[in-house]
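Here it is, the structure, as structure tokens.
Positions are given from 1 along the sequence.
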Amino acid sequence: MRYPIKMAKWLAGAACALSFAGAVHADTQNKALDSAVNGDQRTPAYVARDKYRHPAETLAFFQIEPNMTVVEIWPGGGWYTEILAPMLKEEGTLYAAHFPKATEVGYYKNSRAKFEEMLAADKDTYGAVKLTEFVPGGNSEIAPAGSADVVVTFRNVHNWMGGNNEQAAFKAFYDALKPGGVLGVVEHRAKPGTTREDMGKSGYVTQEYVIELAKNAGFVLEESSEINANPKDTADYAKGVWTLPPSLRLGDEDKDKYLAIGESDRMTLRFRKPKS
């Protein structure tokens with residue numbers, strides 16, 4: 001279709017303006033993420049694991065922006081919270097959906113207590129974090145329904161499989177997200193064909209199974225990434241994924257071997273909640 005010269009110039013100008021605005025937006029996003037990843041608030045031992053966990057690349061892949069509402073599922077000791085909280089504190093909102101406060105499970109209780117201590121010790125960084133609970137299969141609300149732009153979970157799917165709650169977990173993520181929102185999943189990756197029983201024992205989950213769980217909950221797989229892949233990981237160890245660092249469950253037995261392998265091979269998946 002041919003346009004009059006004035007219209008053609010206007011369209012060209014509009015296109016340039018949109019392109020410029022997009023570039024500025026992307027630059028703002030990158031600066032906020034880079035600042036959070038490289039900030040002084042991060043624990044040195046956590047920073048040492050960046051070579052395995054690739055936080056900047058992973059969060060960029062999940063399309064997290066500084067003005068978004070983000071839910072982090074089971075943040076544990078706060079490895080990703082240390083990055084997400086400062087990135088979102090000015091314009092966005094971070095919900096940290098941790099273990100339930102009323103629990104008899106020692107690990108859950110201790111982990112949550114330490115996380116609460118971390119938040120309280122640095123109000124400037126973590127004062128805006130909204131602490132909620134996530135009980136897969138329970139009635140806890142990780143965030144108001146339909147309020148989140150992004151839900152992220154890092155190496156947790158295998159934990160929910162022990163109680164047969166993995167499908168309920170994905171349903172909770174779906175409910176918390178806005179239409180068009182993103183679910184970002186990182187998980188230890190099992191070899192194709194691994195049985196569900198072996199997944200539960202080893203901590204490794206097949207990529208196909210995670211995709212199935214998400215699709216059953218209503219999500220659409222948008223893209224997968226090899227950001228967190230590790231081809232050295234054979235995923236067939238006596239103590240499962242915990243044989244590798246950082247756990248090193250076998251202690252000094254073949255320690256150098258497992259250190260040379262590094263942390264687990266991980267899938268990185270971005271799902272989308274349909275807009276309608």
Exercise. Hey, quick one: are F62 and L213 part of the same hydrophobic cluster, counting side-chain heavy atoms closer than 4.5 Å, chains of contacts allowed?
Worked result: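 In one cluster: no.
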Exercise. Roughly how far, to the nearest 0.5 Å, is CG of N156 from CD of E72?
Worked result: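 With rounding to 0.5 Å, CD (E72) is 9.0 Å from CG (N156).
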For this session: Give, for atom CD of E212 and atom CD of Q207, the distance between the pair rounded to the nearest 0.5 Å.
Result: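 Going from the CD atom of E212 to the CD atom of Q207 covers 13.0 Å.
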Exercise. Apart from W242 itself, which Ile, Leu, Val, Met, Phe, Trp or Tyr residues share its cluster (side-chain heavy atoms under 4.5 Å, direct or through members)?
Worked result: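 W242 clusters with Y204, Y237, V241, L244, L248, L250, Y258, L259, I261.
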Exercise. Among the clusters formed by ILVMFWY side chains lying less than 4.5 Å apart, do Y95 and I142 turn up in the same one?
Worked result: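 Yes, one cluster joins them.
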Problem set entry | Backbone of T194 reached by a side-chain donor or acceptor of D198 within 3.5 Å |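 Judged by distance alone, no pair lies under 3.5 Å.
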For this session: Salt-bridge test for R49 and E263: reply yes if a basic N is under 4.0 Å from a carboxylate O, no otherwise.
Result: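 Looking at E263 together with R49, the answer is yes, because their closest N to O distance falls below 4.0 Å.
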Exercise. Same cluster or not: are W79 and I73 linked, directly or through other Ile, Leu, Val, Met, Phe, Trp or Tyr residues, by side-chain heavy atoms under 4.5 angstrom apart?
Worked result: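 Different clusters: W79 never reaches I73 through Ile, Leu, Val, Met, Phe, Trp or Tyr contacts under 4.5 Å.
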For this session: Measure the spacing between CZ of R189 and CG of N230 and express it to the nearest 0.5 Å.
Result: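 If I round to the nearest 0.5 Å, the distance is 10.0 Å.
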Problem set entry | Closest contact, heavy atoms only, A102 versus E133 |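 In this case the closest contact between A102 and E133 is N-OE2, 4.5 Å.
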Exercise. If you draw a 6.0 Å radius around NZ in K191, do more than 12 non-hydrogen atoms from other residues or ligands fall strictly inside?
Worked result: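 Correct, the count exceeds 12.
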Exercise. Would you say the side-chain atoms of E82 and T43 include a donor-acceptor pair closer than 3.5 Å?
Worked result: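 Yes, T43 and E82 have a side-chain donor paired with an acceptor closer than 3.5 Å.
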Exercise. Taking everything shown except K171 itself, do over 12 heavy atoms lie less than 6.0 Å from its NZ?
Worked result: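 No - once you tally the heavy atoms of other residues, nucleotides and ligands closer than 6.0 Å, there are 12 at most.
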For this session: Report whether V70 and F134 are members of the same hydrophobic cluster (ILVMFWY, side-chain heavy atoms less than 4.5 Å apart, transitive linking).
Result: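 Each belongs to a different hydrophobic cluster.
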Exercise. Got a second to check how far N30's CG is from S35's OG, nearest 0.5 Å?
Worked result: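 That separation rounds to 12.0 Å.
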Exercise. Do you see a donor-acceptor pair shorter than 3.5 Å between the side chains of R155 and N228?
Worked result: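 No.
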For this session: Give a yes or no on whether K239 atom NZ has more than 12 heavy-atom contacts from other residues, nucleotides or ligands under 6.0 Å away.
Result: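 12 or below, so no.
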For this session: Report the residue from V185, V220, V182 that forms a side chain to side chain contact (heavy atoms under 4.5 Å, CB included) with R270.
Result: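 Passing option: V182.
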Exercise. Within 45° of the axis and under 6.0 Å from the centre of the six-membered ring of F99, does NZ or CZ of K109 qualify?
Worked result: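 Ring-cation test returns no.
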Exercise. Out of F173, F154, W160, which one pairs with W74 under the ring pair (Phe, Tyr, Trp, His ring centres under 6.0 Å) rule?
Worked result: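 The ring pair (Phe, Tyr, Trp, His ring centres under 6.0 Å) with W74 is passed solely by W160 among F173, F154, W160.
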For this session: Mind checking the CG-CZ spacing from L59 to R53? Nearest 0.5 Å is all I need.
Result: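 These two atoms lie 10.0 Å from each other.
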Exercise. Are the charged groups of R272 and E222 less than 4.0 angstrom apart, N to O?
Worked result: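 A salt bridge links R272 with E222.
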Problem set entry | Full working for salt bridge (Lys or Arg N to Asp or Glu O under 4.0 Å) between D50 and R42 | CA-CA 11 Å; D50 282 3; R42 297 195 64 205; 2.8 Å; yes
For this session: Begin with the C-alpha distance, continue with both residues' side-chain angles, and end with the deciding distance and a verdict on side chain to side chain donor-acceptor pair (under 3.5 Å) for E187 and H158.
Result: CA-CA 8 Å; E187 178 59 289; H158 63 280; 3.1 Å; yes
For this session: Hey, can you tell me if F219 and F170 have their rings parallel, tilted or perpendicular (30° and 60° cut-offs)?
Result: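 Perpendicular, since the angle between the ring planes exceeds 60°.
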For this session: Any chance you could lay out the side chain to side chain donor-acceptor pair (under 3.5 Å) test for S247 and R249, step after step, and finish with the verdict?
Result: CA-CA 5 Å; S247 298; R249 191 68 60 84; 4.7 Å; no
Exercise. In the single-linkage hydrophobic clustering (I, L, V, M, F, W, Y; side-chain heavy atoms under 4.5 Å), do F271 and I64 co-cluster?
Worked result: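 Cluster IDs for F271 and I64 differ.
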Exercise. Taking atom CD of E57 and atom CD1 of I227, what is their separation to the nearest 0.5 Å?
Worked result: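 E57 atom CD to I227 atom CD1 measures 6.5 Å (nearest 0.5 Å).
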Exercise. Under a 4.0 Å N-O cut-off, is there an ion pair linking K89 with D124?
Worked result: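 So K89 pairs with D124 through a salt bridge.
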